[in-house]
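Remarks on the structure that follows.
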Amino acid sequence: MTKRELSKSFEPQEAEKRLYEYWLKRNLFHAQDESEAKAFSIVIPPPNVTGMLHMGHALNNTLQDVIIRFKRMQGYNTLWMPGMDHAGIATQNVVEQELAREGKSRHDLGREKFIARVWEWKEKYGGVIINQLKRLGCSCDWDRERFTMDEGLSKAVREVFVRLYNEDMIYQGDYIVNWCPRCHTAISDLEVEFKQDQSFLWDIRYPFADGKGEIIVATTRPETMLGDTAVAVNPNDDRYTDVVGKYVILPLMNKKIPIIADDYVTADFGSGAVKITPGSDPNDFAIAQRHNLEIITIIDGHGIINEQGGVYKGLDRYEARQKVIADLEKGKYLVKTEPYIHSIGQCYRCKTDIEPMVSKQWFVKIKPLAKQAIAAIVKGKTKIVPGTWEATYFEWMNNIRDWCISRQLWWGHRIPVWYCAGCNKVIVSTTDPDKCPDCGGTKLRQDEDVLDTWFSSALWPFSTLGWPKKTKALKTFYPTSLLITGFDILFFWVARMMMMGIYVMKEVPFKDVYLHALVRDEKGEKMSKSKGNSIDPLVMIDKYGTDAFRFTLTAYTAQGRDVRMSEERIEGYKFFVNKIWNAAKLTLVNLEDFDEKSAVIAEDSLPDKWIKARLNRAIEEVTGSLDEYRFNDAAAAIYRFVWHEFCDWYLELSKPAFYSKVSPEQRRATQRTLQDIFKTMLHLLHPFMPFVTEELWQVLNRSDEKSIMVSSFPEANKEWENASAEKEMELLMDIITSVRNIRGEMRIPPSQKLQVMISVPDKEIKGMVDAGKDYLVNLANLETLTAEVALVEPKGVATGVIGSLLVFVPLAGIVDIAGEKARLQKEIVKVKKDLEQCSRKLSNQDFMEKAAAAIIKKEEEKLKDSQDRHAALESAFNKLKDIEG
RNA sequence: AGGCAAGUAGCUCAGGGGGAGAGCGCCAUCCUGACGCGGUGGAUGUCCAGGGUUCAAAUCCCUGCUUGCCUACCA
């Protein structure tokens, strides 16, 4: 037998690297395309290729890895599909900035060279996050790693686009879209963030064309008046019924525009009349379509006034505002200016104010897709956890608007549409055409736009598995079992995957969706670089080790709650890792001479039986909690077991088997239990703390298995259930705690061994106490212990009451009567409160008639217990009074 | 403007119709054979407020207050 030793403490930095490589080398993260085992699969929410690991990633991926390792150990053919997202705008920005430092723009390079440059950047710097995920211990099947821009996924994108197009689900048209003047692209409604802005509301006078009177309109964007093509009022607004159909003169532009009536206008806001600028406002655009109004675009893609803006041409939109206001004032058109708070749309990427702009874009008709995606949740084909999110999902899906999928970027999936220069034929094809199918012309021009990054992400659950090829992996792992992601991308991503999955695969993309909360700082504020309150996960990992960090995240993850990360708590769990390590050290020492093969083994001792029963319960709790994605409960259950049951009690209780004289058979029995329990505990801990458990398992393990991560997850063992051992042990623990309490309260030094007497109510209990004598003596630090049925209370003792059992601790020499009286008084007050509460209930007729029988019985037992306790305490108290005289 | 969630120990949070819990912190004590990153013991609560349902409410319902978030955005 080789002697196995552990270093003084666990060294995460060194071990984590070594063990991760060990797993990789043995290919343990790999899932089989085909297997007899049931499949379990998760696709990773692909991080941006430009991304760096932040707390959100750390939480998200820790939770995934916990479930993945749990399922893998349970014997599933487990796939965690990793990969990255090409992040159109973000990545293009990064490379453009790089070019800018060289004094160049992407236009200097041209499209092809620019894209080549982005790929170059990607190879060189992209995907830092993948290595960071490895440091988190993520057991992804890296052999399968995908990228949304790789060949296979690009093919999937084209395939889906063409299918949607052919089925009339994609259309192109001139519509008003959210335009980012800095990114120079359209973005979807979801990509606009609204920010409160302190601004003004300007009232402007529009004189009637016939020279008599005027109409006042209010606006937050005076510069857009240059493109006004109407003024609108509510059709039911009596003040204006006469003027509908008349014309006003648009100030500064000196142009006649009509007054129209539309329900959109609220009569009781402002003057009840609205200027209509279809080219610069989505609502106005809708009105223009209803009324066939002229649509004039006055602001170009850079946010500069164009030739339609007359003398204001060339001015930036904000400069134009100032000049328009000045000119209106000069012309006496400005009625008033009042401070006004309103919200303004900004680009979620660069925070530039959105400029609503009419342009030619591609859209997906979303309603039919949404309908099915709603039905799938209603029917329970996909379950969202926590369920409260389902309402949010329905709300959004029911009010969904067509999805603008074209982006005026270079980096992304170029739209697979070509235009024939010869006959203007529109060719939509999965492969690049070389000639026009109609006229045979070869002068073909591909659409300039690329697709929204989320378009490719929406296909992620099947595109990563090889679709459109009918791969074995697809068959085995689709629909995936679970998706774990933050609620913040419920619409961006989850909803769109649901729609696309159902549309393309005719099956939901995942059975369960677990939405976790955001990670905030201790004060509950969102972590951000600009606020300087963000905690870098990698710094935490360096400082406290991955296991402690992961355990913290898991322990924090209660359903529907934000995670308020505090470094102190991570430190606390580092101590937990250390505790496990030290328990392992003791275990190893105690197992040193363990002759596993020996057939001569005694029956389990009481602590052995007890710890097995407790472990059983812990297994059930951890498994049950993980099955329901109750991560915090799982973490709490295992923490409690390891620290407060195994370490605090079992290791102490088993010491006599190693330090005092017991039979070799008994020693072996305890060694066997110790080994079983410790190993099982490691298995139970592994999904949360992969590294330290592997390290310890390697030392402890004697089987041929390669790694704890492919060994089996514990299952509750019926033979280990033992309610009577739990009860018996509880009695002993109560006695020990009672003695310790007296010792502590009465200031009896720990070094002083005590001679304790116990009065037991009957022979059965006496039997239990006698049987547990060694444990009591050891853990309560006693010199002698005697137990007698109905022992009369001796003089000069402190009394502990456990039901009808009395513990007498002699206050040898240092009879602190006042102290003991105070202690008893405290207890008496407590028990009196219980007593009152209890008897009040039991004397309540309504309670006796209506409460459940079990509750009444419990209440009655409680009463008796309290009465016994009370009597015992009072008697002890009175006896002290007697002594005092 | 609507919607959702939450208000429980000094802090961070579990729990969820019948005896108020954990971790950290705090106090006292202990260099007991793995662990001071430890052991042992202890103190601490108008479970946001008000009303209702119930034999019984921290828990369910209503109202209000506070906070956070989401959706929409009316010039």
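All of these numbers come straight from a predicted model, not from anything done at the bench. Chain letters run A, B, ... following the sequence lines, proteins first and then strands; every chain starts at 1.
The shortest distance between the side-chain N/O atoms of A/Asn399 and the OP1/OP2 oxygens of B/rA72 is not below 4.0 Å. Side-chain nitrogen and oxygen atoms of A/Arg401 include at least one within less than 4.0 Å of the OP1 or OP2 phosphate oxygen of B/rC73. Dashed line: the shortest gap from a side-chain N or O of A/Tyr393 to OP1 or OP2 of B/rU71 is not under 4.0 Å. The phosphate of B/rA34 has neither OP1 nor OP2 within less than 4.0 Å of any side-chain N or O from A/Lys585. Taking only side-chain nitrogens and oxygens, A/Lys862 comes nearer than 4.0 Å to OP1 or OP2 of B/rG19.
When heavy atoms are screened at a 4.0 angstrom cut-off, A/Ala852 is found touching base atoms of the nucleic acid. Residue-level contact check: A/Val265 touches the bases, meaning some heavy atom is under 4.0 Å from a base atom. No contact: A/Ala636 has no heavy atom under 4.0 Å from any strand. Among the heavy atoms of the strands lying under 4.0 Å from A/Thr266 is at least one base atom, whether or not backbone atoms are also near. At the heavy-atom level, A/Lys655 lies under 4.0 Å from base atoms of the strands shown. When heavy atoms are screened at a 4.0 angstrom cut-off, A/Phe658 is found touching no nucleic acid atom at all. Nucleic acid contact class of A/Cys647 (heavy atoms, under 4.0 Å, all strands): base. Using a 4.0 Å heavy-atom cutoff across all strands shown, A/Glu652 reaches at least one base atom of the nucleic acid. Heavy atoms of A/Arg840 sit nowhere under 4.0 angstrom from any nucleic acid atom. Heavy atoms of A/Tyr340 sit under 4.0 angstrom from primed sugar atoms or phosphate atoms, though from no base atom. Counting any heavy atom pair closer than 4.0 Å across all strands shown, A/Asn781 reaches no nucleic acid atom. The residue A/Ser343 sits close to a base: some heavy atom pair falls under 4.0 Å.
Of the C1' atoms belonging to B/rC60 and B/rG68, the separation is 24 Å, rounded to the nearest Å. Look at the C1' atom in both B/rU53 and B/rC62: the space between them is 10 Å, to the nearest Å. B/rG25 and B/rU32 have their C1' atoms separated by 26 Å, with the value rounded to a whole Å.
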Trace of the side chain to side chain donor-acceptor pair (under 3.5 Å) decision for A/Glu395 with A/Thr392: CA-CA 5 Å; A/Glu395 172 69 17; A/Thr392 311; over 6 Å; no

Going through the checks in order, is the salt bridge (Lys or Arg N to Asp or Glu O under 4.0 Å) test met by A/Glu652 and A/Lys655? CA-CA 5 Å; A/Glu652 296 305 323; A/Lys655 277 178 182 172; 3.2 Å; yes

Tell me, with the steps shown, if A/Asn582 and A/Lys585 meet side chain to side chain donor-acceptor pair (under 3.5 Å). CA-CA 5 Å; A/Asn582 281 299; A/Lys585 270 169 34 183; 3.2 Å; yes

Do A/Trp643 and A/Tyr639 pass the ring-ring contact (aromatic ring centres under 6.0 Å, His included) test, and can you show the C-alpha distance, the side-chain angles, and the key distance before you say yes or no? CA-CA 6 Å; A/Trp643 202 311; A/Tyr639 184 94; 5.7 Å; yes

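Side-chain N/O atoms of A/Asp228 and A/Tyr206 include a donor and acceptor closer than 3.5 Å.
Across the protein-nucleic acid pair, A/Leu779 atom CG and B/rG33 atom P stand 14 Å apart, rounded to whole Å. Here B/rA14 presents its C1' atom at 9 Å from CZ of A/Arg569, a figure rounded to the nearest Å. The distance from atom CZ of A/Phe194 to atom C1' of B/rC70 is 14 Å, rounded to the nearest whole Å. Here B/rG17 presents its P atom at 17 Å from CD of A/Glu859, a figure rounded to the nearest Å.
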Where along nucleotides 38-47 of chain B does protein come under 4.0 Å, by heavy atom, of base (B) or sugar-phosphate alone (S), with - for untouched nucleotides? SSSSSS----

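The nucleotide whose nearest atom lies closest to any side-chain atom of A/Leu201 is, among B/rG19, B/rA75, B/rA34, B/rA75. Closest contact between the side chain of A/Glu568 and the listed nucleotides B/rC55, B/rA34, B/rC24 involves B/rC24.
A parallel orientation is assigned to the rings of A/Tyr650 and A/Phe646, their planes being inclined by less than 30° (bins at 30° and 60°).
In this structure, the aromatic ring of A/Tyr659 is positioned over the six-membered ring of the base of B/rG33, centres within 5.5 Å and planes within 30°.
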